[in-house]
Asks: 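Just dropping this structure here.
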Amino acid sequence: MSELLSGWKRTGYCTEFTAADAGREVTLMGWTNVRRDLGALVFVQLRDRTGVMQVVFNSETLSKEDFDRACTIRSEYVLAVRGKVTLRTGNMVNSNMKTGDLEVLVEEFKILSTSETPPFDISDECKANELLRLKYRYLDLRRPAMQKHLIMRHKIAFIAREFFDKQGFLEIETPILTKSTPEGARDYLVPSRVHPGKFFALPQSPQLFKQLLMLSGYDRYFQIARCFRDEDLRADRQPDFTQIDLEMSFVEEEDVQAVNEEFLKKLFKETLDVDIQLPLPRLKYEEAMDRFGSDKPDTRFGLELCDISEVVKHSEFSVFRGAIENGGSVRAINAKGASGSFSRKEIDALGEYVKTYRAKGLAWMNYKEDGIASPILKFLKEEEVTAIKELTGFEPGDILFIIADANKTVYASLGALRLKLADKLNLIPENQFNLLWVREFPQFEWSEEEGRFMAMHHPFTSPMDEDMDKLESDPGSVRAKAYDIVLNGVEIGGGSIRIHSQELQQQMFRALGFTDEQAQYRFGFLMDAFKYGPPPHGGMAYGLDRLAMLISGTSSIRDVIAFPKVQNASCPMTGAPDFVDDKQLDELHIACTEKEE
RNA sequence: GGCCCGGUAGUACAGUUGGUUAGUACGCCAGCCUGUCACGCUGGAGGUCAGGGGUUCGAGCCCCCUCCGGGUCGCCA
């Protein structure tokens with residue numbers, strides 16, 4: 001059935017032609033988007049990745065045999081048509097189409113491929129559920145919206161390569177099969193055939209290799225690097241994803257940030273024609289948490305947090321007093337003018353919402369025209385209410401939401417509530433791109449599960465100079481030379497200045513509770529290398545997928561990945577992961593303990 | 001692992017209080033049609049109501065379990 005090209009060459013893409021081409025003989029190739037059969041006249045919209053062109057099969061100008069053949073054309077058939085570009089006039093013009101003033105009158109054509117009826121409509125209006133689209137991803141990718149996303153992703157990667165190349169960065173590949181570094185996320189493991197019982201790990205990031213490249217003297221490195229983390233998925237998280245990864249030698253924090261600000265400026269100009277003002281705002285971690293309850297604050301709107309602990313610390317209301325006495329705090333968000341925006345039922349729903357973040361409850365005060373309505377008013381003294389009003393700017397027409405708990409819980413729940421409120425109150429402006437740096441992250445994070453401090457960024461991050469002496473005496477208060485780049489409340493990248501002193505690195509491993517033997521076993525190659533003159537260095541990495549997602553304006557990372565995985569980390573199209581032959585397992589020295597029918 | 005939402009022709013949905021033969025639109029198939037462009041007209045085919053179990057005279061609808069998808073908390077150095 002499929003005909004061969006036999007020397008036919010495509011003149012150009014479907015949308016490449018204009019009125020100036022009228023009369024020109026052209027050859028177009030593409031997929032049948034829409035067919036309209038009027039009996040003795042058949043219209044087909046021919047589609048390629050640029051768009052569509054109408055081609056016309058006329059029974060008067062084609063042989064009967066050819067016209068009958070044209071009548072067999074169906075959706076998604078692949079055609080090659082030869083004919084004359086012709087102007088459409090009068091009501092033949094379709095002003096909704098880019099090529100609506102043109103059509104090609106077919107003189108000769110080939111049906112290069114036939115197609116079964118696709119399981120869903122290949123168009124942007126298609127509402128088929130995502131699982132079906134992912135099962136037939138190759139068809140889903142024909143939709144203009146998906147093509148637009150992948151083209152944008154390409155553009156971002158291309159701009160990155162162009163920019164970093166011009167800045168003297170070398171793109172150097174690092175291994176995909178590498179050594180497990182269990183400090184971070186779970187590793188994907190690959191069994192070794194030649195080393196029974198031993199495993200490679202897929203890289204969570206090229207971190208150690210890029211540091212070694214600095215030691216080797218490649219003082220500006222970058223890579224568009226595939227990374228793998230065996231953790232649960234989210235709307236903005238895939239198990240295999242791509243980083244724009246870079247590292248620089250002989251630099252401090254500001255140097256890394258300066259180069260990257262220029263990159264971001266270029267990126268937003270060339271993708272969205274948005275002008276980014278430099279330098280970008282810088283926010284300390286502590287301030288970000290205090291004001292926004294988040295280390296990746298969305299600064300496109302207000303609703304900032306307000307600490308009212310001081311004025312309620314002696315309150316008779318035991319929930320408030322208790323939280324403070326236990327080392328926590330009481331904080332509030334004043335939703336200005338939102339008094340009438342929430343029914344009692346909706347407020348209760350917000351209370352349920354914050355429980356997701358382990359808050360025990362949500363206190364609120366609704367300042368109506370006739371006074372404050374609030375379930376907690378009876379517990380508060382008049383001067384406490386007055387003080388709260390003063391601190392938070394609480395006025396008639398406002399609603400105040402208050403959470404009292406451990407700081408971690410207060411930040412998480414109020415930070416989430418802040419986003420929820422902004423969404424409900426339509427406070428988030430469109431087409432605004434707020435980029436900012438968050439810096440001075442804590443070096444360590446206490447892990448209840450492990451019963452020890454863990455590196456918040458990673459174990460190779462340098463502490464801040466002024467906190468160096470507290471590494472052992474007070475690890476919890478040590479700040480790191482670590483920074484994240486945040487766009488509209490999404491962490492799109494992060495990095496740090498690394499430790500380049502062998503002694504300090506050893507001290508760090510000890511602070512993290514590793515014995516020297518454990519450190520040697522896991523990171524010995526790095527420690528060894530550091531004996532040979534590592535330069536001061538630092539860098540960062542962007543999540544390319546997230547960047548593409550935000551720049552494309554979609555809310556799912558799957559929209560900007562050609563072949564993504566679903567929530568249980570499987571691929572509906574290939575069926576991966578899947579069982580393998582016993583023979584393969586034998587060769588890998590793996591005994592299979594679990595197998596379904 | 002927890003919580004929330006969802007699963008009905010190829011697709012998107014409707015389906016009343018549990019009650020006769022499960023509907024609508026698009027798509028598909030056939031016929032007619034020379035200017036369509038959301039083509040039109042006529043006719044037709046198409047259902048494991050996710051799967052299993054239960055309650056009931058009777059289940060798409062109620063209950064339980066399982067599977068699958070989405071969101072999220074934990075997790076993600």
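Residue numbers begin at 1 in each chain, while the letters A, B, ... track the order of the sequences.
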Asks: Within a 6.0 Å radius of atom NZ on A:Lys179, are there more than 12 heavy atoms belonging to other residues, nucleotides or ligands?
Replies: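 Above 12, so yes.
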Asks: Under 4.0 Å, heavy atoms only, any strand: does A:Ser556 hit a base, just the sugar-phosphate, or nothing?
Replies: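 No contact.
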Asks: Pull out every residue in residues 477-486 of chain A that has a heavy atom closer than 4.0 Å to any atom of RNA chain B, ordered by number, or say none.
Replies: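 Per residue number, the list is empty: none.
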Asks: State, yes or no, whether a side-chain contact exists between A:Arg546 and A:Glu491 at a heavy-atom distance under 4.5 Å.
Replies: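 A side-chain contact exists here, since the closest heavy-atom pair is under 4.5 Å.
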Asks: Work out which heavy atom in A:Asp245 is nearest to a heavy atom in A:Met540; give both atom names and the distance.
Replies: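 Heavy-atom minimum between the residues: OD1-O, 3.6 Å.
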Asks: Return the value, rounded to whole Å, for the distance between atom CG of A:Asp124 and atom P of B:A38.
Replies: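 Between P of B:A38 and CG of A:Asp124: 15 Å.
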Asks: How long is the line joining CG of A:Asn96 and P of B:C39, in whole Å?
Replies: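 Checked: the CG to P distance equals 12 Å.
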Asks: Between protein and nucleic acid, restricted to nucleotides 24-32 of chain B and to nitrogen or oxygen atoms under 3.5 Å apart, what atom pairs and distances do you find?
Replies:
unit_1	atom_1	unit_2	atom_2	d
B:C29	OP1	A:Arg74	NE	3.0
B:A30	OP2	A:Arg74	NH2	3.4

Asks: Across the strands shown, which category fits A:Ser59 at heavy-atom distances under 4.0 angstrom: base, sugar-phosphate, nothing?
Replies: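 Base, at least one base atom sits under 4.0 Å.
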Asks: Searching all strands shown, indicate the nucleotide that pairs with B:C61 (Watson-Crick or G-U wobble; both distances under 3.5 Å).
Replies: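 Check on B:C61: unpaired, no WC or wobble geometry under 3.5 Å.
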Asks: Near RNA chain B, which residues from residues 129-136 of chain A have a heavy atom under 4.0 Å away?
Replies: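 Here the set is A:Asn129, A:Leu131, A:Leu132.
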Asks: Using atom C1' in both nucleotides, what's the gap between B:A9 and B:C3 to the nearest angstrom?
Replies: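 Taking atom C1' in both B:A9 and B:C3, they lie 34 Å apart.
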Asks: Nearest 0.5 Å please: distance from the CD atom of A:Gln147 over to the CG atom of A:Asp124.
Replies: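 Between A:Gln147 CD and A:Asp124 CG, I get 9.0 Å after rounding to 0.5 Å.
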Asks: Tell me which residues in residues 227-244 of chain A put a heavy atom below 4.0 Å from RNA chain B, sorted by number, or none.
Replies: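 Output list: A:Arg229, A:Glu231, A:Asp232, A:Arg234, A:Ala235, A:Arg237.
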Asks: On the side chain of A:Gln567, is there an atom forming a donor-acceptor pair with the base of B:U72 - under 3.5 Å, no angle test?
Replies: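 Donor-acceptor pair under 3.5 Å: yes.
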Asks: Please compare A:Asp121 and A:Ser570 by the position of their nearest nucleotide in RNA chain B and report the one closer to 5'.
Replies: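 The 5'-side residue here is A:Asp121.
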Asks: Mind checking whether A:Phe530 and A:Ser501 have side chains closer than 4.5 Å, heavy atoms only?
Replies: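 When only atoms from C-beta onward are counted, A:Ser501 and A:Phe530 do not touch, as no gap falls below 4.5 Å.
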Asks: Expressed as a whole number of Å, how far does the P atom of B:G23 sit from that of B:G60?
Replies: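 That atom pair is separated by 13 Å.
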Asks: Got A:Leu303 and A:Phe401 here, is their nearest side-chain heavy-atom distance under 4.5 Å?
Replies: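 With C-beta onward as the side chain, the pair stays apart.
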Asks: Within 45 degrees of the axis of the six-membered ring of A:Phe514 and under 6.0 Å from its centre: does A:Arg522 put its NZ or CZ there?
Replies: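 Positive - A:Arg522 is close enough to the ring of A:Phe514 and near enough to its axis.
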Asks: With rounding to whole Å, what would you report as the distance between B:G19 and B:G7 at their C1' atoms?
Replies: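 Going atom to atom, C1' in each nucleotide, I get 25 Å.
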Asks: List the steps and the verdict of side-chain hydrogen bond (donor to acceptor under 3.5 Å, both in side chains) for A:Gln507 and A:Glu503.
Replies: CA-CA 6 Å; A:Gln507 207 184 339; A:Glu503 293 75 26; over 6 Å; no
Asks: How would you label the contact of A:Ala128 with the nucleic acid (heavy atoms, under 4.0 Å): base, sugar-phosphate, or nothing?
Replies: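 Sugar-phosphate, no base atom in range.
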Asks: Using a strict cut-off of less than 4.0 Å between a Lys/Arg side-chain nitrogen and an Asp/Glu carboxylate oxygen, indicate whether A:Asp516 and A:Arg510 qualify as a salt bridge.
Replies: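 Counted as a salt bridge, because a side-chain N and a carboxylate O are separated by less than 4.0 Å.
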Asks: Checking A:Gln505 side chain against A:Pro459 main chain: does a donor-acceptor pair fall under 3.5 Å?
Replies: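 Present.
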Asks: At under 4.0 Å between heavy atoms, what does A:Glu103 touch on the DNA or RNA strands: base, sugar-phosphate, or nothing?
Replies: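 Base, at least one base atom sits under 4.0 Å.
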Asks: Does the ring of A:Phe120 lie flat against the base of B:U11, closer than 5.5 Å centre to centre with planes under 30°?
Replies: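 One would not call A:Phe120 stacked on the B:U11 base.
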Asks: Could you check A:Gln204 against A:Asp187 for side-chain hydrogen bond (donor to acceptor under 3.5 Å, both in side chains), going step by step and ending with a plain yes or no?
Replies: CA-CA 7 Å; A:Gln204 298 177 24; A:Asp187 286 319; 2.6 Å; yes
Asks: Under 4.0 Å between a side-chain N or O of A:Arg36 and OP1 or OP2 of B:C39?
Replies: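 For B:C39, OP1/OP2 do have a side-chain N/O of A:Arg36 under 4.0 Å.
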Asks: Between atom CZ in A:Arg88 and atom P in B:U36, what is the gap in whole Å?
Replies: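 To the nearest whole Å, that distance equals 10 Å.
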Asks: A:Glu60 has an atom CD; how far is it from atom C1' of B:C33, in whole Å?
Replies: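 Checked: the CD to C1' distance equals 14 Å.
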Asks: Would you mind reading off the distance between A:Asp187 atom CG and B:C76 atom P, rounded to a whole angstrom?
Replies: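 Rounded to whole Å, this separation is 12 Å.
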Asks: Over how many whole Å does the gap from A:Leu38 atom CG to B:C39 atom P extend?
Replies: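 These atoms are roughly 11 Å apart.
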Asks: Taking pairing as Watson-Crick or G-U wobble with both contacts under 3.5 Å, can you name the mate of B:G69, or confirm there isn't one?
Replies: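 Paired with B:C5.
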Asks: Which nucleotide, B:G71, B:C37, B:U34, lies nearest any side-chain atom of A:Arg558?
Replies: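 The answer is B:G71, which lies nearest to the side chain.
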Asks: Looking only at atom C1', what distance separates B:C28 and B:G10, rounded to whole Å?
Replies: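 Those two atoms are separated by 8 Å.
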Asks: Among pairs that include at least one residue of residues 447-464 of chain A, which meet salt bridge (charged side-chain N to carboxylate O under 4.0 Å, His left out), considering only residues two or more places apart or in two chains?
Replies: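 Sorted pair list: A:Glu183-A:Arg452, A:Glu450-A:Arg452.
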Asks: Where the side chain of A:Ser294 meets the backbone of A:Lys296, is there a donor-acceptor pair that is under 3.5 Å apart?
Replies: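 Yes; at least one donor-acceptor contact below 3.5 Å.
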Asks: Taking only the side-chain heavy atoms of A:Tyr357 (C-beta and beyond), determine which of B:U36, B:C73, B:U11 contains the nearest atom.
Replies: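 Closest of the options to the side chain of A:Tyr357: B:C73.
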Asks: Round to a whole Å and report the spacing from CG of A:Asn568 to P of B:U72.
Replies: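 Checked: the CG to P distance equals 16 Å.
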Asks: With a 4.5 Å limit on heavy-atom distance, are the side chains of A:Thr32 and A:Ser75 in contact?
Replies: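 A side-chain contact is absent here, since even the closest heavy-atom pair is not under 4.5 Å.
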Asks: Using side-chain hydrogen bond (donor to acceptor under 3.5 Å, both in side chains) as the criterion, list what pairs up with A:Asp467, not counting sequence neighbours.
Replies: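 Applying side-chain hydrogen bond (donor to acceptor under 3.5 Å, both in side chains) to A:Asp467 gives A:Arg479.
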Asks: Once you apply the 3.5 Å cut-off to both distances, tell me the Watson-Crick or G-U wobble partner of B:C29, or none.
Replies: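 Looking at the geometry, B:C29 pairs with B:G43.
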Asks: If you measure from the P atom in B:U11 to the same atom in B:A50, how many Å do you get, rounded?
Replies: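 Pairwise P distance, B:U11 against B:A50, rounds to 13 Å.
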Asks: Which residue, A:Met454 or A:Gly39, contacts RNA chain B at a nucleotide closer to its 5' end, judged by nearest heavy atom?
Replies: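 Looking at RNA chain B, the more 5' nearest nucleotide goes with A:Gly39.
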Asks: Between P on B:G70 and CG on A:Asp559, what's the gap in Å once rounded to a whole number?
Replies: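 Result: 12 Å.
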Asks: Any side-chain heavy atom of A:Thr461 within less than 4.5 Å of one from A:Ile497?
Replies: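 Side chain of A:Thr461 against side chain of A:Ile497, heavy atoms only: no contact under 4.5 Å found.
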Asks: Kindly confirm or rule out a cation-pi arrangement of A:Arg69 over A:Phe109, judged by NZ or CZ under 6.0 Å from the six-membered ring centre and within 45° of its axis?
Replies: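 Because its charged atom sits under 6.0 Å from the ring centre and within 45° of the axis, A:Arg69 does stack over A:Phe109.
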Asks: Please measure how far the C1' atom in B:C4 lies from the corresponding atom in B:G44, and state the result in whole Å.
Replies: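 These two C1' atoms come out 44 Å apart once rounded.
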Asks: Considering only the C1' atoms, how many Å lie between B:G54 and B:A45, rounded to the nearest integer?
Replies: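 Going atom to atom, C1' in each nucleotide, I get 36 Å.
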Asks: Can you figure out which of B:U36, B:C68, B:C37 approaches the side chain of A:Asn94 most closely?
Replies: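 Looking only at heavy atoms from C-beta outward on A:Asn94, the closest nucleotide is B:C37.
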Asks: When we call it a touch if two heavy atoms are under 4.0 Å apart, what does A:Gln54 touch: a base, just sugar-phosphate, or nothing?
Replies: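 Here A:Gln54 touches the bases of the nucleic acid.
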Asks: Say you pick atom C1' in B:U56 and the same atom in B:U17; how far apart are they, in whole Å?
Replies: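 Nearest-Å result for B:U56 against B:U17 at atom C1': 15 Å.
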